Amino acid sequence: MSLRNMVHCALSLVLTFAGLAGLYLQLNAEFVGFTQILVYVGAVSILIVFAILLTRSTEPKDEPATVTPWVGISVAVGAFLTMALAVLASPVGKRLAAPAPEVSVKTLGQKLMTDYVLPLEVMALLLTAAMLGAVIIAMKDKEGQR
Amino acid sequence: MTQLSSYLLVSALLFCIGLAGALTRRNAIMVLIGIELMLNAANLNFIAFWRFSENPETMTGLMFALFSIAIAAAEAAVGLALIITIYRHFRTANVDKVEEMKG
């Protein structure tokens, strides 16, 4: 986050996403872990790198990358201390894991098609709308010039 | 055996790194990256609480994390399209310099 070169920032973001996928695998959430790899390490990071490369060329190099960094950093450190104290103080944190549940992709798909079918349909609609919206937003300037 | 609190601490650290980035960086893409980090911290919380819950067979947290990943992907796509449009219009991706709207 504090690196000056934004491509380095994007690459460390990919590393963070891959590490998170490893944590998901460790927590017996295989499907979510592989989805994380597919969506974040595959798609979102490519999008971010392309956006960085497309918008970088005319940025002035000498101006500082951050504005009033101490306010934001102190807010974040304060939030982290609060959360860490709350986590360490609560008895929930001491809980050990239940025996590993059997979550196969088959049961996951059956759940998605029975209990969670309405959220699934809404999600499909949202993804379609987001894709169309992204294309239209990115195209608008070009069409206005014609 | 790892405790729940260690996962929660990792998630809190990730959230705060994302928060610091979103609050301090000037470039709109870096703000978006900070938001992505915070969303991922929330996902890690969902998965950890699901794994350490009383009855993980219901798979509620897992489903929530899946839908949250999908929403985050849509948000990233729209956000980056907006940033590219703003960059074409103002020739900058600096959030402090984009001060006017047409409406």
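Side-chain atoms are counted along with the backbone in the values below, which use heavy atoms only and exclude waters and symmetry mates. In this text, all values refer to a predicted model and were calculated from it rather than measured experimentally. In what follows, chains are A, B, ... by sequence order, proteins preceding strands, each numbered from 1.
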Task: Per-residue contact mode, B:Leu32 against chain A (heavy atom under 4.5 angstrom) - done: neither
TODO: Identify which of B:Ile86, B:Leu62, B:Val10 forms the greatest number of heavy-atom pairs closer than 4.5 Å to chain A.
DONE: B:Leu62
TODO: Identify which part of A:Leu112 has an atom lying under 4.5 Å from any heavy atom of chain B, answering side chain, backbone, both or neither.
DONE: both
Task: Per-residue contact mode, A:Thr107 against chain B (heavy atom under 4.5 angstrom) - done: both
Task: chain B contacts, top residue of A:Ile48, A:Thr16, A:Leu88 (heavy-atom pairs, under 4.5 Å) - done: A:Ile48
Task: Atom of B:Trp50, atom of A:Asn28 and distance for their closest heavy-atom approach - done: CH2-O, 3.7 Å
Task: Between B:Gly61, B:Ala12, B:Ala48, the one whose heavy-atom pairs under 4.5 Å with chain A are most numerous - done: B:Ala12
Task: Pairs of heavy atoms under 4.5 Å with chain A: top-ranked of B:Ile47, B:Leu14, B:Ile71 - done: B:Ile47
Task: Backbone of B:Tyr7 reached by a side-chain donor or acceptor of B:Ser11 within 3.5 Å - done: no
- [ ] Under 4.5 Å heavy-atom distance to chain A, tell me which part of B:Leu9 shows up: side chain, backbone, both or neither.
- [x] both
Task: Region of B:Ile29 that comes under 4.5 Å of a non-hydrogen atom in chain A - done: side chain
Task: pair A:Cys9-B:Arg25: side-chain heavy atoms closer than 4.5 Å - done: yes
TODO: Output the option from A:Leu126, A:Leu108, A:Val75 having the highest count of non-hydrogen pairs under 4.5 Å with chain B.
DONE: A:Leu108
- [ ] Flag the pair B:Thr24 / B:Met30 as yes when at least one side-chain heavy-atom distance between them is below 4.5 Å, and no otherwise.
- [x] no
Task: Flag, side chain of A:Ser45 to backbone of A:Val14, donor-acceptor distance under 3.5 Å - done: no
Open item on the list: Tell me which of these, A:Val77, A:Leu23, A:Leu127, has more heavy-atom pairs under 4.5 Å with chain B than the rest.
Closed with: A:Leu23
TODO: Would you please test A:Leu27 and B:Phe52 for side-chain contact (heavy atoms from CB on, under 4.5 Å) and show each step?
DONE: CA-CA 9 Å; A:Leu27 282 166; B:Phe52 287 84; 3.8 Å; yes
Task: Residue part contacting chain B, namely of A:Ala79, when any heavy atom lies under 4.5 Å - done: both
TODO: Give me the ring orientation class for B:Phe46 and B:Phe64: parallel if the planes are under 30° apart, tilted from 30 to 60°, perpendicular past 60°.
DONE: parallel
Open item on the list: Run B:Asn40 and A:Tyr40 through side-chain contact (heavy atoms from CB on, under 4.5 Å) and show every step you take.
Closed with: CA-CA 10 Å; B:Asn40 269 285; A:Tyr40 277 107; 3.6 Å; yes
- [ ] State, with a plain yes or no, whether a side-chain heavy atom of B:Arg51 is found less than 4.5 Å away from one of A:Gln26.
- [x] no
Task: Under 4.5 Å from any heavy atom of chain B - which part of A:Phe31 - done: side chain
